[in-house]
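One structure below.
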Protein chains: 2
Amino acid sequence: MPNPSPPPHPCGNCSFYTDSIWQPVSSGAMSTLSRGFTRQDLSAGQPLYHQDDDNRGVYCVSKGLIALRTHHMDGSSTLLRLAYPGEIIGFRSFLEFRPHRTEARALLTSRVCTVAQRDAQQVVQTNPSVLTRLASRCITEIDRNHDRIIAAAKTPNKLRLVGILQRLMTAHGTQIDNHLRMHLPLSRTDLADLLGVQTETVSRLLKRIQQDGTFQVSGREFQMPLPPPTRPAATG
Amino acid sequence: MPNPSPPPHPCGNCSFYTDSIWQPVSSGAMSTLSRGFTRQDLSAGQPLYHQDDDNRGVYCVSKGLIALRTHHMDGSSTLLRLAYPGEIIGFRSFLEFRPHRTEARALLTSRVCTVAQRDAQQVVQTNPSVLTRLASRCITEIDRNHDRIIAAAKTPNKLRLVGILQRLMTAHGTQIDNHLRMHLPLSRTDLADLLGVQTETVSRLLKRIQQDGTFQVSGREFQMPLPPPTRPAATG
DNA sequence: TTTTGTAATTGACCGGCGTCAATTTTTCCG
DNA sequence: CGGAAAAATTGACGCCGGTCAATTACAAAA
């Protein structure tokens with residue numbers, strides 16, 4: 001029989017109900033989820049977990065922006081992923097029963113929903129469809145990494161930077177007149193760790209981008225002309 | 001009940017029985033697998049499937065070397081993965097019911113084992129442990145891509161090239177005296193598509209690598225000193 | 001063998017980026 | 001406010017790699 005509207009849930013506006021790996025699920029698993037479910041609010045800069053931490057569950061970004069970063073032995077680091085609202089993080093260590101290979105840290109005031117490891121494992125083992133959807137997220141991640149590898153080989157750094165900024169603007173910018181304005185949540189170092197270049201290069205790239213008229217840049221304040229109302233496509 | 005030794009199987013020496021995503025599996029699924037199972041031998045240069053082809057199953061590299069490559073609109077291409085014996089390919093399009101995003105082509109005389117799509121789907125849907133192992137392969141792929149992204153950002157091209165060659169030598173080289181010798185199955189263009197550089201750069205990198213004494217290079221014939229089998233007394 | 005097309009190498013030139021250093025701007029506390 | 005620390009920018013310089021062009025090596029076909 002058709003489902004009535006789902007009951008209210010502590011996750012608030014996260015994708016737990018709408019675009020979730022957990023839904024639909026058996027009623028027994030549903031109660032397990034409700035039991036193991038928590039949510040937390042992070043202020044900008046606050047870590048969700050650290051590199052080499054043991055997995056504690058599966059996380060879903062509900063609001064804000066989470067950066068996944070690996071630290072290298074030489075002290076440098078690489079920003080491997082920006083997780084936007086609706087995205088799942090921590091699934092690698094969850095599925096493999098291994099420590100996190102990255103640290104997760106909020107770049108904006110963020111909300112994260114968690115299903116504790118024990119409960120998540122139970123649900124996954126009793127509801128194969130959840131595993132299917134988790135695998136689907138893995139493949140999305142593979143595709144994104146492939147895109148990034150291709151872009152690193154084929155796309156000039158200036159264009160790659162523009163792409164990153166445009167995505168951030170679209171997700172977290174505020175519309176003013178026919179412009180998008182944003183306080184960039186990433187430092188120049190973050191951008192450098194994302195592009196695989198040095199901070200000085202980021203400065204020069206931003207200068208050139210601004211001279212091209214693509215953006216107005218002032219410190220961490222960014223503004224870009226809003227393209228004519230484009231319909232956001234469902235597929236990424 | 002303890003398993004007796006597994007029955008013989010057309011896959012020959014591939015990892016179907018030893019390190020396989022399919023094993024262990026219910027006896028009903030076992031017969032499904034045997035039915036949908038095929039193997040094929042590819043000569044160097046022969047394609048296994050093409051970009052945008054519909055998925056026809058899950059493949060396992062049994063012998064040889066398979067290159068996964070995406071072709072770009074400008075006519076260039078990127079070599080996204082080298083699949084060595086024991087590795088699974090085609091799982092992305094299989095799990096997502098989508099066309100292949102890469103072409104798969106043998107670089108050496110190779111043997112590939114296939115489980116046809118319909119049968120593989122049936123087994124996956126009735127044996128969640130298979131899905132778990134497929135997800136594990138996905139995560140391995142994610143980790144490798146992360147390593148590649150990090151290497152592209154942090155490791156000089158010369159060292160990246162050395163790493164690629166060493167892996168190829170170890171897997172497909174033949175030992176002569178205390179050296180490893182190999183006929184490189186990749187063209188300079190292939191190496192360039194793997195590193196994200198131009199063929200001329202590959203030539204210059206190889207020259208420098210040879211001058212360093214790391215390799216002897218002559219056309220596609222490579223030779224490298226075999227690292228001494230870990231022995232405590234090193235210095236004379 | 002010779003021919004012919006492809007692959008590979010080499011050289012010249014130049015732009016982009018890493019590096020080091022100096023300066024300016026921003027941030028954060030007192 | 002003011003002052004220190006951190007972040008960001010700018011300049012100078014050299015190397016690496018892209019690009020174009022020319023040459024050489026190789027491999028398949030006649």
Practice problem: For DNA chain D, determine which residues of residues 150-168 of chain A have any heavy atom closer than 4.0 angstrom to one of its atoms, and list them numerically. | Solution: none
Quiz item: Rounded to whole angstroms, how far apart are CG on Leu184(B) and C1' on dA25(D)?
Solution: 17 Å
Exercise. Go through the structure and list residues passing side-chain contact (heavy atoms from CB on, under 4.5 Å) with Thr109(A), not counting sequence neighbours.
Key: none
Exercise. For DNA chain C, note the earliest and the latest nucleotide, 5' to 3', having some atom under 4.0 Å of a heavy atom belonging to chain B.
Key: dA7(C) to dA12(C)
Quiz item: Mind checking what makes ring-ring contact (aromatic ring centres under 6.0 Å, His included) contact with Tyr49(A), not counting sequence neighbours?
Solution: Tyr59(A), His100(A)
Quiz prompt | Ion pair check, Glu141(A) and Arg92(A), cut-off under 4.0 Å | solution = no
Quiz prompt | Ile149(A) and Ile149(B), any side-chain heavy atoms less than 4.5 Å apart | solution = yes
If you look only at distance, which donor and acceptor atoms sit under 3.5 Å apart when one is on a side chain in residues 205-215 of chain A and the other is two or more places apart or in another chain?
unit_1: Gln210(A); atom_1: NE2; unit_2: Val217(A); atom_2: O; d: 3.0
unit_1: Asp212(A); atom_1: OD2; unit_2: Lys158(A); atom_2: NZ; d: 2.4

Quiz item: Quantified as the angle between the terminal helix axes (five pairs each), what is the overall bend of the helix from dT1(C)-dA30(D) to dG30(C)-dC1(D) to 10 degrees?
Solution: 40°
Practice problem: Round to the nearest Å and state the distance from Leu191(B) atom CG to dG17(D) atom P. | Solution: 14 Å
Practice problem: Could you note down all residue pairs passing side chain to side chain donor-acceptor pair (under 3.5 Å) where residues 159-169 of chain B supplies at least one of them, sequence neighbours left out? | Solution: Asn157(B)-Arg160(B)
Exercise. With sequence neighbours excluded, tell me which residues meet side-chain contact (heavy atoms from CB on, under 4.5 Å) with His179(A).
Key: Gln216(A), Gln223(A), Pro225(A)
Quiz item: Going by the salt bridge (charged side-chain N to carboxylate O under 4.0 Å, His left out) test, which pairs reach into residues 182-202 of chain A, not counting sequence neighbours?
Solution: Arg69(A)-Asp190(A), Arg69(A)-Asp193(A)
Exercise. Can you tell me which residue pairs pass the salt bridge (charged side-chain N to carboxylate O under 4.0 Å, His left out) test with a partner in residues 171-183 of chain B, sequence neighbours excluded?
Key: none
Quiz item: Is the shortest heavy-atom distance from the side chain of Tyr84(B) to the side chain of Leu82(B) under 4.5 Å?
Solution: yes
Quiz item: Between atom CD1 of Ile164(A) and atom CZ of Arg148(A), what is the distance when rounded to the nearest 0.5 Å?
Solution: 7.0 Å
Exercise. Could you pull out all residues at least two apart from Ser203(B) that satisfy side-chain contact (heavy atoms from CB on, under 4.5 Å)?
Key: none
Practice problem: May I ask you to list the residues of residues 195-210 of chain B, by number, that have any heavy atom positioned under 4.0 Å from an atom of DNA chain C? | Solution: Glu200(B), Ser203(B), Arg204(B), Lys207(B)
